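Quick notes on the structure that follows.
When a residue number appears, it is its place in the shown sequence, counting from 1. Bear in mind that the values here come from a model prediction, so they are computed numbers and not experimental data.
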Amino acid sequence: AVARRRVEDGFRFLKLKGGLDPDDDAERVRAVRRAVGEGVGLRFDANQGYTVESAARFLAATRDAGLELVEQPTPGGERTLLGTIDRASGVGVMADESLRSLADAFQIVRGELAEMINIKLMKVGGLRSANRIASVAVAGGLEVMVGCGDESALGIAAGLAFALSRPGIRFADLDGHLDLEGDPAASAVRLEKGYLYPSEGPGLGIGPATLD
C-alpha cells in the first residue's frame, strides 16, 4: 500500500529496506513489484544484514523482480565481501557503511569492490569531504548516489545542493525529512510529484525569515 501511494505521488524509483531475513526480504520485493508493475525502478538496502551466502540467496530469489541495485548487503567493516557479491551477481552493488572516509573510497576503487557508492554528508564529514570522495569515485569509474539519514530538511538541502552541483552523480536518495514532524527548516526543499527542488534563497535557503 505504501509503495502504491508513493508511485501515485510521482515517485518512479522505490528503495526497500531489509537485512534481517533474506527469504522474507525477497518476498517483500516480489510483492512490491507485483503491486507497482514494471515501470517503477526497485532498489534494495540490506543494511549490512547478510552474509555472502544469504545475499546470493536473496539475489537469486529476486532475479525476476528486476532489482536495479543492492546497497550494503554485508557488514561495513568487511569491504572485500562487497566485491565477492558484486562479481558473482548481475545486480550492481552499492557501498554505504563501508564508505566513511576518503581512504575508504580509495580502497573501494582500487579493489573494485563495488559499482556504486552512497555519499551521506553526515557520515563522511560534510561537503568538503564529500567533494573529495566524489572525485575519487568518478575518476575510478564508480557511480555516485547522494544519500541521507533521518534528518532535518536543512541536511537534505545540503545534500541536494551537493548532488546538483557535481558532475557524475547519478542518484539522489534524499527523503529522510519526509516523516519528520515540526521541522523548523521544512521550507529548505520542495517536493513535487516525486522531484525534490531546492529553495531559491541564498545558500541553503535557510535564514531567520524561513525558519518556523
If Ile, Leu, Val, Met, Phe, Trp and Tyr residues are connected whenever their side-chain heavy atoms lie under 4.5 Å apart, and connections chain through other members, are [X] and [Y] in the same group?
X: V91; Y: L142; result: yes
X: L204; Y: L127; result: no
X: M145; Y: V138; result: no
X: L121; Y: M94; result: no
X: L81; Y: V109; result: yes

>> Give me each pair satisfying ring pair (Phe, Tyr, Trp, His ring centres under 6.0 Å) with a member in residues 161-204, each pair once, sequence neighbours excluded.
In response: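 Listed once each, the pairs would be none.
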> What pairs of residues pass the ring pair (Phe, Tyr, Trp, His ring centres under 6.0 Å) test when at least one of them lies in residues 12-60, not counting sequence neighbours?
Replying inline: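 Only F44-F58, Y50-F58 qualify under ring pair (Phe, Tyr, Trp, His ring centres under 6.0 Å).
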> Short question: side chain of D183, backbone of A153 - any donor-acceptor pair under 3.5 Å?
Replying inline: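 Yes.
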>> Run the side chain to side chain contact (heavy atoms under 4.5 Å, CB included) test on M122 and C148 for me, step by step, so that the C-alpha distance in whole Å, both residues' side-chain angles and the decisive distance to 0.1 Å come before the verdict.
In response: CA-CA 7 Å; M122 303 301 177; C148 65; over 6 Å; no
Summary of salt bridge (charged side-chain N to carboxylate O under 4.0 Å, His left out) pairs that have at least one residue in [range], sequence neighbours excluded:
range: residues 104-114; value: R79-D104
range: residues 129-152; value: E143-R170
range: residues 188-199; value: R190-E192
range: residues 88-98; value: D96-K120, D96-K123

> Among all residues two or more places apart in sequence or in another chain, which pass the salt bridge (charged side-chain N to carboxylate O under 4.0 Å, His left out) test with D173?
Replying inline: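 Per chain and number, D173 pairs via salt bridge (charged side-chain N to carboxylate O under 4.0 Å, His left out) with K15.
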>> Can you list everything that forms a side chain to side chain donor-acceptor pair (under 3.5 Å) with T84? Sequence neighbours excluded, please.
In response: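 Scan of T84 (side chain to side chain donor-acceptor pair (under 3.5 Å), adjacent residues dropped) gives none.
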> Among all residues two or more places apart in sequence or in another chain, which pass the side chain to side chain donor-acceptor pair (under 3.5 Å) test with T62?
Replying inline: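 Result, side chain to side chain donor-acceptor pair (under 3.5 Å) vs T62: none returned.
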If we only count heavy atoms from C-beta on, is the [X] to [Y] side-chain gap below 4.5 Å?
X: E71; Y: V93; result: no
X: L113; Y: D86; result: no
X: R6; Y: L178; result: yes
X: V189; Y: L174; result: no
X: L82; Y: P73; result: yes
X: N118; Y: L99; result: no

> Can you name the nearest heavy-atom pair linking L160 to P198, along with the distance?
Replying inline: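 Where L160 meets P198 most closely, the heavy atoms are CD2-N, 3.5 Å.
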>> Taking CG in L180 as the centre, count heavy atoms belonging to other residues, nucleotides or ligands within less than 6.0 Å. Is the count above 12?
In response: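 Yes, enclosed.
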> Any side chain to side chain donor-acceptor pair (under 3.5 Å) pairs touching residues 29-42, not counting sequence neighbours?
Replying inline: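 Qualifying pairs, neighbours excluded: E27-R30, E27-R34.
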> Looking at CE of M116 and CG of L69, how far apart are the two atoms once the value is rounded to the nearest 0.5 Å?
Replying inline: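 Here the rounded value is 4.5 Å.
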> Listed by chain and number, what are the side chain to side chain contact (heavy atoms under 4.5 Å, CB included) partners of R57, not counting sequence neighbours?
Replying inline: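 Side chain to side chain contact (heavy atoms under 4.5 Å, CB included) check on R57 returns P22, D23, S54.
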> Of all residues at least two apart in sequence or in a different chain, which pass the side chain to side chain contact (heavy atoms under 4.5 Å, CB included) check with R4?
Replying inline: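 Partners of R4 by the side chain to side chain contact (heavy atoms under 4.5 Å, CB included) criterion, ordered by chain and then number, come out as A35.
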